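Data first, discussion second: the structure below is written as structure tokens.
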Amino acid sequence: YIMAEEKWFEGEVTRIVDATSNTKQFFFKLPHTNDFQFKPGQFITMDLPIHEKKNKRWRSYSVASHPNGTNEFELVISYVPDGLGTNYLWKNVEVGSKITMRGPLGVFTLPEVIDEDICFICTGTGIAPFRSMSKWLGAHPEVQCKNVYLLFGCRTQEDLLYPDEFLDLQHKMPNFTYVRCCSRENPETFKGHVG
């Protein structure tokens with residue numbers, strides 16, 4: 001079991017990618033370690049300089065990448081127009097920026113033994129922990145796993161996050177099924193809401 005890292009450390013932004021019209025992928029490296037160990041599904045808490053009170057500065061985001069033996073990881077974050085955290089990230093953070101953070105934290109992780117089908121249901125950036133879990137399962141074929149279903153809802157196909165990656169994973173993992181569901185248009189699969 002990976003214990004939560006309670007101490008704060010600095011993460012350095014190495015890349016920022018516009019994923020959709022209102023979502024960015026932030027890539028970080030952690031200079032204090034060569035191997036950032038976490039369980040897929042865990043999250044990172046950032047301490048952003050947006051308020052005098054500590055707990056009003058903290059923002060938590062699920063790690064969207066999977067543990068891969070490096071000191072790098074990815075967060076995928078949606079812009080909230082009146083959100084202090086995302087406004088700071090959008091306007092002040094660039095490649096080379098250093099952000100105070102701690103983690104990994106959280107127990108929303110895969111069970112030790114997966115003896116039933118798994119169904120991931122999410123919308124928007126809620127896909128982050130499930131992407132981490134799915135990619136980890138794809139990278140560890142030795143893990144005995146039954147069927148894995150990912151049902152991802154969004155408004156339009158332009159809002160889909162990582163679609164090519166999940167289609168590729170579906171081709172590589174015979175027990176992995178990726179279902180897209182758009183509420184405002186009819187893609188190749190389903191139209192409607194998930195929940």
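Everything numeric here is computed off the predicted structure, so don't read it as measured data. Every heavy atom of this structure was used, including side-chain atoms; hydrogens, water molecules and symmetry mates were not.
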Indicate the ring-plane relationship of F120 and F130, choosing parallel, tilted or perpendicular according to the 30° and 60° boundaries. parallel
Rounded to the nearest 0.5 Å, what's the gap from [atom1] on [X] to [atom2] on [Y]? Could you check?
X: T123; Y: R155; atom1: OG1; atom2: CZ; answer: 10.0 Å
X: L110; Y: I118; atom1: CG; atom2: CD1; answer: 5.5 Å
X: I114; Y: C145; atom1: CD1; atom2: SG; answer: 4.5 Å
X: L30; Y: T70; atom1: CG; atom2: OG1; answer: 9.0 Å
X: S65; Y: R131; atom1: OG; atom2: CZ; answer: 6.5 Å
X: K24; Y: L75; atom1: NZ; atom2: CG; answer: 14.0 Å

Any chance you could lay out the side-chain contact (heavy atoms from CB on, under 4.5 Å) test for Y162 and Q25, step after step, and finish with the verdict? CA-CA 11 Å; Y162 314 109; Q25 295 162 262; 3.5 Å; yes
Nearest heavy atoms of [X] and [Y], plus distance in Å:
X: M173; Y: S134; value: SD-O, 4.4 Å
X: M133; Y: F108; value: CE-O, 3.4 Å
X: T86; Y: I77; value: CG2-CG2, 3.7 Å
X: S60; Y: T45; value: OG-OG1, 2.7 Å
X: T20; Y: L160; value: CG2-O, 4.1 Å
X: L161; Y: G124; value: CD1-O, 3.6 Å

Give a yes or no answer on whether the side chain of [X] reaches the backbone of [Y] with a donor-acceptor pair at less than 3.5 Å.
X: N92; Y: L89; answer: no
X: S62; Y: A128; answer: no
X: S132; Y: A64; answer: no
X: D47; Y: M101; answer: no
X: D168; Y: D164; answer: no
X: Q42; Y: K39; answer: yes

Test E74 against R15 for salt bridge (Lys or Arg N to Asp or Glu O under 4.0 Å), laying out the working first. CA-CA 9 Å; E74 176 190 344; R15 195 157 52 111; over 6 Å; no
Below 4.5 Å, heavy atoms only, C-beta onward: do [X] and [Y] meet side chain to side chain?
X: L48; Y: V93; value: no
X: N147; Y: F176; value: no
X: T156; Y: C182; value: no
X: R59; Y: L84; value: yes
X: L169; Y: L167; value: no
X: L150; Y: C122; value: yes
X: V63; Y: F38; value: yes
X: V143; Y: L137; value: yes

Check the pair K146, D117 against salt bridge (Lys or Arg N to Asp or Glu O under 4.0 Å), reporting the backbone distance first and the verdict last. CA-CA 5 Å; K146 294 199 173 184; D117 289 352; 5.9 Å; no
Using the side chain to side chain donor-acceptor pair (under 3.5 Å) rule, take D35 and T33 through it: C-alpha gap first, then chi angles, then the decisive distance, then the call. CA-CA 6 Å; D35 182 6; T33 181; over 6 Å; no
Under 6.0 Å from the CZ atom of R57, do we count more than 12 heavy atoms belonging to anything else shown? yes
Examine R180 relative to F152 and say whether NZ or CZ is less than 6.0 Å from the centre of the six-membered ring and inside a 45° cone about the ring axis. no
Is there a path of hydrophobic side-chain contacts, each under 4.5 Å between heavy atoms of I/L/V/M/F/W/Y residues, joining [Y] to [X]?
X: Y61; Y: F27; answer: no
X: I127; Y: V17; answer: no
X: Y149; Y: Y178; answer: no
X: M46; Y: Y79; answer: yes

Could you work out, with ring pair (Phe, Tyr, Trp, His ring centres under 6.0 Å) as the rule, every residue matching H140, not counting sequence neighbours? W136
Using the test ring pair (Phe, Tyr, Trp, His ring centres under 6.0 Å), find all partners of F73 that sit at least two apart in sequence or belong to another chain. F28, F36
